[in-house]
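Please read the structure below before turning to the comments.
All values reported here derive from a predicted model rather than from experimental measurement.
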Amino acid sequence: MLNIKETVPPFLDPSLSDNDLVTGVSFASGGSGFDDITGAVGGIIPFSKQVEYFKRYIVRVQGIVGEQEAKKLISSAVIVISAGTNDFGFNFYDLPTRRLEFNISGYQDFLQNKLHKFIEELYELGCRRMAIAGLPPVGCLPIQMTAKFERPHDRRCIEEENLDAHVYNKKLARLLPKIQSLLPRSKIVHADVYEPMTDMIDNPENFGFVETKRGCCGTGLGEAGPFCNALTAVCDNVLEYLFWDSIHPSQAAYEYIAKYLETNVAPKLLIEQDDSDEQVPNLA
């Protein structure tokens, strides 16, 4: 539907070609969030810095296709923003730094105020079509269950954290139309990942999953990021696992999520757009 290329390379890859740049790149940094303190100790690139890289991207694209064509490209691109889970995990639940300043509702509002400013900044830079992901059921992430239950067999979804995520998503769903109404010719759409993830957790047999409480990597209880590498043992059949590691869904799960979003989100981004077969740049 969106005709997005199969792989979206990182903007900081020094080997990017001109074609790579004009057909979409990613500015994401694993472990980052809307809150600048999220992952700061690990040298992770915060969202605010990612926006600065996007400004550099615009300059490079202008050098390739010219200022006017670059403006058209940016305005027709699909901007995908997915953050927030790390903010709550790192700063509120597991390392409760922000709980010294906010209750859960206040921290939700703090993050969404930051998101609001980021959206406005991207709009000023020429972006018009944005898909904003909500939170997954955070309390069902393997790492969150591990942090709360000492014995592996006792592990279960933490309903309080899931409720927090649900409330955050409801706030987000109310906020985004308001932002869109203030930004002429914009399409700012909520990408619900909570519902498809919950469906896979509650009905794993419908998706071919056998394991929903552990990741495929290592023990599946706490490994993530650099702790899942070429030397780490993995499960025999990743297709049976909802999670790849203790935080991230498996490729099989992402495929189901992508289908859900293609059906429920992509049409909203394409309203009032033409039916051109031209490839849509994706700026994640």
To which residues is L182 joined in a hydrophobic cluster, defined by side-chain heavy-atom contacts under 4.5 Å among Ile, Leu, Val, Met, Phe, Trp and Tyr, whether direct or through other members?
none
State which residues pass side chain to side chain contact (heavy atoms under 4.5 Å, CB included) with Q251; sequence neighbours excluded, sorted by chain then number.
E255
Can you list everything that forms a side chain to side chain contact (heavy atoms under 4.5 Å, CB included) with I37? Sequence neighbours excluded, please.
D35, N91, T97, R98
Please list, chain by chain and in numerical order, all residues satisfying side-chain hydrogen bond (donor to acceptor under 3.5 Å, both in side chains) with D154, sequence neighbours excluded.
R151
If hydrophobic residues (ILVMFWY) are linked whenever their side-chain heavy atoms come closer than 4.5 Å, directly or via other members, who joins F227 in its cluster?
none
For residues 111-119, run the donor-acceptor check on the side chains, cut-off 3.5 Å, and write out each pair with its distance to 0.1 Å, sequence neighbours left out.
from : atom 1 : to   : atom 2 : distance (Å)
Q112 : NE2    : Y168 : O      : 3.0
N113 : ND2    : D109 : O      : 3.2
H116 : NE2    : E120 : OE2    : 3.1

With sequence neighbours left out, the residues meeting side chain to side chain contact (heavy atoms under 4.5 Å, CB included) with R128 are S75, Y123
Hits for side-chain hydrogen bond (donor to acceptor under 3.5 Å, both in side chains) against E223, two or more places apart or cross-chain, chain-then-number order -> T219
Applying side-chain hydrogen bond (donor to acceptor under 3.5 Å, both in side chains), name anything that partners D199, two or more places apart in sequence or on another chain.
N203
Just to verify, what does K55 make a salt bridge (Lys or Arg N to Asp or Glu O under 4.0 Å) with, not counting sequence neighbours?
E52, E121
My understanding is that only residues two or more places apart in sequence, or in another chain, count here; which of them pass side chain to side chain contact (heavy atoms under 4.5 Å, CB included) with T232?
C217, N229
According to side-chain hydrogen bond (donor to acceptor under 3.5 Å, both in side chains), who are the partners of N86, at least two apart in sequence or on a separate chain?
none
Return the orientation label for the F27 and F54 ring planes: parallel under 30°, perpendicular over 60°, tilted otherwise.
perpendicular
